[in-house]
Protein chains: 4
Amino acid sequence: MSQYEQFASDNYSGVCPPAWKAMEAANRMDEAAYGEDSWTQRAADGIRGVFDTDCDVFFVFNGTAANSLALASIGQSFHSVICHELAHIETDECGGPEYASNGAKLLLGQGTDGKLTPQSIEHLVTKRTDIHYPKPKALSLTQATEVGTIYTPEELRAIRATADQYNLNIHMDGARFANAVAALDVHPSEITWKAGVDVLCFSGTKNGLALGEAVVFFNKHLAEDFEWRCKQAGQLASKMRFISAPWCGLLEGDVWLQNARHANACAERLANGLAGLPGITLRYPRQVNGVFVEMPDPVQAALRAKGWRFYNFIGGSARLMCSWATTTERVDQFLSDVRELVA
Amino acid sequence: MSQYEQFASDNYSGVCPPAWKAMEAANRMDEAAYGEDSWTQRAADGIRGVFDTDCDVFFVFNGTAANSLALASIGQSFHSVICHELAHIETDECGGPEYASNGAKLLLGQGTDGKLTPQSIEHLVTKRTDIHYPKPKALSLTQATEVGTIYTPEELRAIRATADQYNLNIHMDGARFANAVAALDVHPSEITWKAGVDVLCFSGTKNGLALGEAVVFFNKHLAEDFEWRCKQAGQLASKMRFISAPWCGLLEGDVWLQNARHANACAERLANGLAGLPGITLRYPRQVNGVFVEMPDPVQAALRAKGWRFYNFIGGSARLMCSWATTTERVDQFLSDVRELVA
Amino acid sequence: MSQYEQFASDNYSGVCPPAWKAMEAANRMDEAAYGEDSWTQRAADGIRGVFDTDCDVFFVFNGTAANSLALASIGQSFHSVICHELAHIETDECGGPEYASNGAKLLLGQGTDGKLTPQSIEHLVTKRTDIHYPKPKALSLTQATEVGTIYTPEELRAIRATADQYNLNIHMDGARFANAVAALDVHPSEITWKAGVDVLCFSGTKNGLALGEAVVFFNKHLAEDFEWRCKQAGQLASKMRFISAPWCGLLEGDVWLQNARHANACAERLANGLAGLPGITLRYPRQVNGVFVEMPDPVQAALRAKGWRFYNFIGGSARLMCSWATTTERVDQFLSDVRELVA
Amino acid sequence: MSQYEQFASDNYSGVCPPAWKAMEAANRMDEAAYGEDSWTQRAADGIRGVFDTDCDVFFVFNGTAANSLALASIGQSFHSVICHELAHIETDECGGPEYASNGAKLLLGQGTDGKLTPQSIEHLVTKRTDIHYPKPKALSLTQATEVGTIYTPEELRAIRATADQYNLNIHMDGARFANAVAALDVHPSEITWKAGVDVLCFSGTKNGLALGEAVVFFNKHLAEDFEWRCKQAGQLASKMRFISAPWCGLLEGDVWLQNARHANACAERLANGLAGLPGITLRYPRQVNGVFVEMPDPVQAALRAKGWRFYNFIGGSARLMCSWATTTERVDQFLSDVRELVA
């Protein structure tokens, strides 16, 4: 593993061994295209097994596509999507949701630690009801959030109660869903369909695949003709088994959970090691696989000079991301370098 | 290789060994995301080498996306795209080009053997010029065509002359571009930028990748901000090296050409073996890796009963596709089965 | 009335006196905007009265918008719309339906005299059901057609039976709906909701308004949130009473029917006068307010030289359109000029 | 003039007499459709005269359409539009710009009194340049602003300097452009093309028409094929003379300026009368035809009970709008009622 890329992003990592093995197996013979192969069926069944319910599952190429198409399946161009002002769909998808929906606006809510509150949702729905304001139809939650925090099952159910009141369908951006499940130590159903989530974008990429996200419709009504939507949007893989087989690798034996637990544990080790060092404070509570930390600029510069890579986030805080491929050796070496620098 | 899938489609095949090896190499360490890795640069340079010119290269997930986004970069929603009535963008992309362009209409031209003629193009441009008719701006050619035929360099230059007359930019759907180059035995530049092609969608998937198409802009003006277009449309891979590294595997040592030559040769062997059998006639000249053949229905049924897979195309003809993974043994076994059945 | 524009188009005519008077009345005082005025309510009620049913009525600016938005309310971007190959939505709206729906394809059917047949519809629905082909969801009929013919109630009910079989919603382009009602001499309900039409675009412009079309949803489920759709698409008039008041002028006292009957009668007089003249033949049966006629080119040129205006249509036939404002004097003078020229 | 609607909105007013007369004149005879009539040419020439430059002029139905289509002509779906957070395109067009552009995001800037500052613009352009952030391409200014304030020529030129630095095209939402010209007492060119505005949406509706906005391209390059854009979007009037003739009525004899001056003067009289009354304060400086005023809730309620109509704006302030049709009698009567209530 290269020293130079460590902690920059969980999407700098590669393919985890079980996913790779499944991909190899899928390459042993020709198979039917467009998802009519044996792996795709098996992967979809695996996801239904994980959630312990009969949901509709579709595989698409990446997270922006998954989120954008899922949201487009909830509303029309003149509807709106409520999300947190820090949501990835707002800040990092270059208008993907607006494009896929042909113009739906995102209405930006607030809440501490990157989490929307029922009050903020209610405010956005009720502040106006005239036709010059796009009618709210979807509510998008990120689990875990962009700042590495998680919604508890109770928080999700409270949000669902508000959503029910205003006829909103809930979309969950699960770019780091596995990390949230691992951290909360709950059954995946508890923070999805049992908490009223209608559609989940369950990321494989950040969890150890080369690429490939699962769009999981617990509300099957929303999935109507979704395969056509994927096809038209350029999100139907012809050799789909190369997405679905690796998913089988992740799902079987709960590799996805182990990968997430490992990444979370590395981040915890990192956060613990940084805690209490002079001049260093956590910007957000460390709950999953990312550590957001305020560090003096010279310390950051010196770390980069030593070859460490990480991004700056809101207000200049450093974002340190761990993945399935992060090693404790590298974590410890990073901590040692920081300790030396702040001494 | 499974017997059961043979001849159904070139996208039933898997990943060819050199592409697989490059993918393995790319998995050895973490690398930067979104194309900032070393492989993507190398693959793009490789494509510039193949075409012997300084073109702009972008990697997207599949062919529908490549075609749709390339066409959207040529015109606006109120413009139109001229293509053959058998073009994939018209018949098999579920409105992908219309979606990516927000409404551009395809104007359908004619021509024998699936090839547009200058006359047909001219007719579509000149028949109306009023504002109730979407203004033609793009011309889309498929090389090789959907019916397995190829445009010669002379034919392409004649079309370019017509395009020049009416200010049309030329898009080439190169789902089987490699097969066309192999069959024509020309330098790739001769049937692209030297023949006035503005943007080529160069397919890796059918040529031996798991997925991944290169959008190659010879007219760099059209590529302006194209990376944003890809991002918004959900076509920017975060772990892009898993698309670009396999491309390196295809490009280096001209594997792409060898794969195409092999597929073409298998199809030639198939066509030659079928020629002259009673009740069997070629529907289109066999020029690349597909054989379109009229066979009596009972023969087709009997072949399927034996486990052969192939699709029916226009007017019920059988489409027999060969790929990099087709074996001459399977071709010969198929021919033997056919001979037995028609005897 | 200007001699020079006669017979070119029914949209060359102006505002009929009753519509003008209502517009004048609406200008007598300030009123609430965006349809919250008294006239809009009255016009919508008037339309409900005409159809003798509780339908949802919206006023938009023109026919392209009415058709495009109505069709977008039926399907998604990846669905398709079945229409006749001569339909205005295909030939004369510059991709408006594709734009408003974000990419829905039109599937082109056939039928003599510009009328779709159940067989042609069935063929388009059943020929493919794979996801590479946009799923048919809407069926669009033009009443009266672009070539001046009309669907009988029986024909419409037969089409509805086919639509039922394949779950298609029926849109009616009623650019000349009034002329069809007048010609068939039926209650408007007989050729709309009683024949299974889901949404009608009822044109006021060609019937004697300055502008303004009514989108009439008999299937109220399709009208959900349609006011937001209009707003977003730039089709919500702020001073809406200047569209709806003239509609009141048309509706009250059945002016719309009288206008249509007058236009039809002028066309009939024209057709009768032309019948049997040497070298002149009707291209389509004259059923409403347009006469499509084959005339020798020199005769056409000579008529134009005399100041007559008319358009050429399919195959060069002359299209002679009558409107509420056409006078029998002008019809007779035209006939006299033709007789002289062909003599 | 109805007492009940006064001060609610300038779009509650009707058609001013000179516009009405021109409309009557246009109804005297048939004319060619789709803008090929004599009035449309004359109105476009009139606008070129007003701005004293050779600009491209198009007439569309309403302001949302004008703004949305003009912005779509500047950028692509993956670009962004910088505007003030109070801009009409953000707050009151139900996602119209996002729809017409197929997904362009609005980036919201700040500035006192509803006016964007160069600093705010620069911040939005420079804060990010990665491809996950839609690239800024257009800058939208509202003149006069939604809160009734105006940009001076100097302010506009300073903004243009910033726009030049970052290659932004400037769109001006001129829903109340006439009021701004009247208030600034400058030649219209001074606050448009001489200050670097690329395209202006010049409103006729609020200035005394039934409907109809002029999209005026000073940067003619942006107007390329704009007539097709209008057609596709359902914004091409068939009987266009009923939009353009009233525009002639407004333009000839500078009626548009007189109307604006009258509305501004009424608002000034209103503001002056309210100034200094106990419990009443202006929320924004009164510069054009709107007065934004903080009034105690019971006073507002009592005024409404007396039949006065007005809307509440940001933070509950009352928005009192005057139009060409407002009378000083009504202004004085309102003031008298307020004085009585606050006494």
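By convention in this document, chain letters (A, B, ...) are assigned in the order of the sequence lines, proteins followed by strands, and residues within each chain are numbered from 1.
- Checking side-chain atoms of A/Gln232 against main-chain N and O of C/Ser77 turns up a donor-acceptor pair under 3.5 Å.
- When heavy atoms are compared at a cutoff of 4.5 Å, C/Gln76 approaches chain A solely by way of its side chain, counted from C-beta outward.
- The parts of C/His132 that come within reach of chain A are both its backbone and its side chain, each placing non-hydrogen atoms under 4.5 angstrom from that chain.
- Heavy-atom distances place the side chain of C/Lys137, and not its backbone, under 4.5 Å from chain A.
- Note that the CD1 atom of A/Ile131 and the SG atom of C/Cys230 stand 8.0 Å from one another [nearest 0.5 Å].
- C/Phe226 does not touch chain A: none of its heavy atoms, backbone or side chain, sits under 4.5 Å away.
- Counting heavy-atom neighbours within 6.0 Å of C/Glu36 CD, excluding the residue itself, gives a total of 12 or less.
- Heavy-atom distances place the backbone of C/Asp130, and not its side chain, under 4.5 Å from chain A.
- If you take NZ on C/Lys231 and CZ on A/Phe78, they are separated by 14.0 Å, rounding to the nearest 0.5 Å.
- Of the atoms belonging to C/Tyr133, it is backbone heavy atoms, and not side-chain ones, that fall under 4.5 Å from chain A.
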